[in-house]
Amino acid sequence: MVDLNLINNCLKLSVLELQVEVFNEIDSTNLEAKRRITDGIEHDLLIVSSHQTAGRGRHNRTWFSPEGGLYFSLVLRPRLGPEFAPLSGLLCACAIAEGVQSLGIDNVVLKWPNDVLVREDKIAGILNELVAITPVDNWVILGIGINQNIPVSDFPEDISYTATSVKEILGKYTSPESLLCSVLNSIDRLLGVVESEKSFTSVLKQWREMSGTLGRKVRIDDGTQTIIGIASELLEDGSLTVITENGRVTVTMGDVTHLRSD
Ligand code: BTN
């Protein structure tokens, strides 16, 4: 079980006012976050669980959530308004990348919109959900899953060729509390930048610098169509511009595959 005392000792926050709750088992930290919002919360909330019985990924996929992975949801007010909520996902991806790098892992890159890869293999994902109680009472749930102390041989076959873990790369156990604090301390620092600059411009700059998507040939399935082209630009609202055979297309959501350019 993740140790609450260790977490409280390593969190160094100046923007987030976090109430922290730790579970050994839960269906999904994002589902718990939604239940807590419905019940009425007043502060930023962090829900951590050692494993999940119904972990959820983007596009209604499941998220493999055995003991050993790091699973948490951060519930907060969307900074600068609900229309900026998707940018919080990009901010978290930058923070996770910093956290993974702090363990001594190189070649960490970001895949649009919210994946963290090491070379081409996924090490972490974010399920970013906006909950609007009323038009002016909104919360954003940032559900983060990091493949930490899970051997790749334990992964189900459908993800075993495209996923990796901290344990696989470093060949040793690493502390979940330290990685959690490192990611949350980075999120807090980046939120501080957003609040002081009243814009996500610096965060977007950092995302572009760590991007493995920009300049790549990509296939994007947005639910209604498949787009193939070169990912060229991350716009200020977080959407992605792709140069296709038929011209420039801007995508606001979708499932991206990095393709080999030939
Ligand atoms: C993705 O598909 O890449 C997003 C994965 C997000 C998984 C995390 S684990 C903690 C939180 N609770 C969930 O059920 N999902 C998110």
Side-chain angles (χ1 to χ4, degrees), residues 1-2 7 18 20-37 44-76 85-86 88-97 99-100 108-118 120-131 139-150 154-156 158-166 176-177 179-180 183-184 187 207 211-213 218 220-223 238 240 253-258:
M1 173 123 164
V2 180
I7 297 174
L18 273 191
V20 184
E21 294 188 16
V22 172
F23 293 80
N24 180 40
E25 175 182 295
I26 201 163
D27 50 359
S28 150
T29 56
N30 269 41
L31 288 176
E32 177 66 12
K34 279 190 191 157
R35 290 189 286 263
R36 299 298 301 277
I37 293 169
D44 303 332
L45 176 65
L46 173 70
I47 300 162
V48 191
S49 184
S50 299
H51 69 112
Q52 302 182 112
T53 55
R56 299 162 61 234
R58 295 176 65 236
H59 306 292
N60 284 327
R61 297 191 184 111
T62 57
W63 183 258
F64 180 57
S65 306
E67 194 88 33
L70 187 56
Y71 316 105
F72 59 97
S73 296
L74 187 59
V75 185
L76 36 92
S88 309
L90 300 174
L91 181 150
C92 282
C94 293
I96 297 168
V100 170
V108 182
V109 294
L110 304 179
K111 186 176 89 163
W112 188 87
N114 289 338
D115 289 351
V116 183
L117 313 181
V118 176
E120 279 305 309
D121 295 329
K122 181 158 167 171
I123 199 162
I126 303 163
L127 180 61
N128 184 2
E129 302 185 272
L130 182 68
V131 179
W139 292 93
V140 65
I141 304 172
L142 296 157
I144 296 177
I146 307 180
N147 301 329
Q148 191 176 11
N149 293 304
I150 311 175
D154 285 2
F155 285 157
D158 58 331
I159 58 168
S160 62
Y161 297 110
T162 53
T164 190
S165 71
V166 173
E177 293 85 1
L179 181 55
L180 176 66
V183 173
L184 288 168
I187 291 175
W207 192 97
S211 169
T213 299
V218 293
I220 304 182
D221 186 348
D222 73 358
L240 185 72
M253 55 164 286
D255 204 19
V256 174
T257 307
H258 288 166

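All residue numbers in this chain count up from 1 along the given sequence. Counting convention: from 1, in listed order, for ligands and their atoms alike.
At a 4.0 Å heavy-atom cut-off, the residues surrounding ligand 1 are Ser28, Thr29, Asn30, Gln52, Gly55, Arg56, Gly57, Arg58, Trp63, Tyr71, Phe72, Ser73, Asp115, Lys122, Gly125, Ile126, Leu127, Gly143, Ile144, Gly145, listed by chain and number.
Residues passing the side chain to side chain contact (heavy atoms under 4.5 Å, CB included) test with Lys111 are Asp115, Leu117, Thr213, Val256, His258, sequence neighbours excluded. Every residue two or more places apart in sequence or in another chain that forms a side chain to side chain contact (heavy atoms under 4.5 Å, CB included) with Asn30 is listed here: Ser28, Arg56, Ser73, Leu127, Glu129, Ile141. Evaluation of the side chain to side chain contact (heavy atoms under 4.5 Å, CB included) rule for Ser160 yields Phe155, Glu157 as partners, not counting sequence neighbours.
Between Arg61 and Asp158 there is no salt bridge, since none of the side-chain N atoms of the basic residue sits less than 4.0 Å from a carboxylate O of the acidic one.
With contacts defined as side-chain heavy-atom distances shorter than 4.5 Å, the pair Ile96/Ile123 does not qualify. Between Thr164 and Asn147 the shortest side-chain heavy-atom distance does not fall below 4.5 Å.
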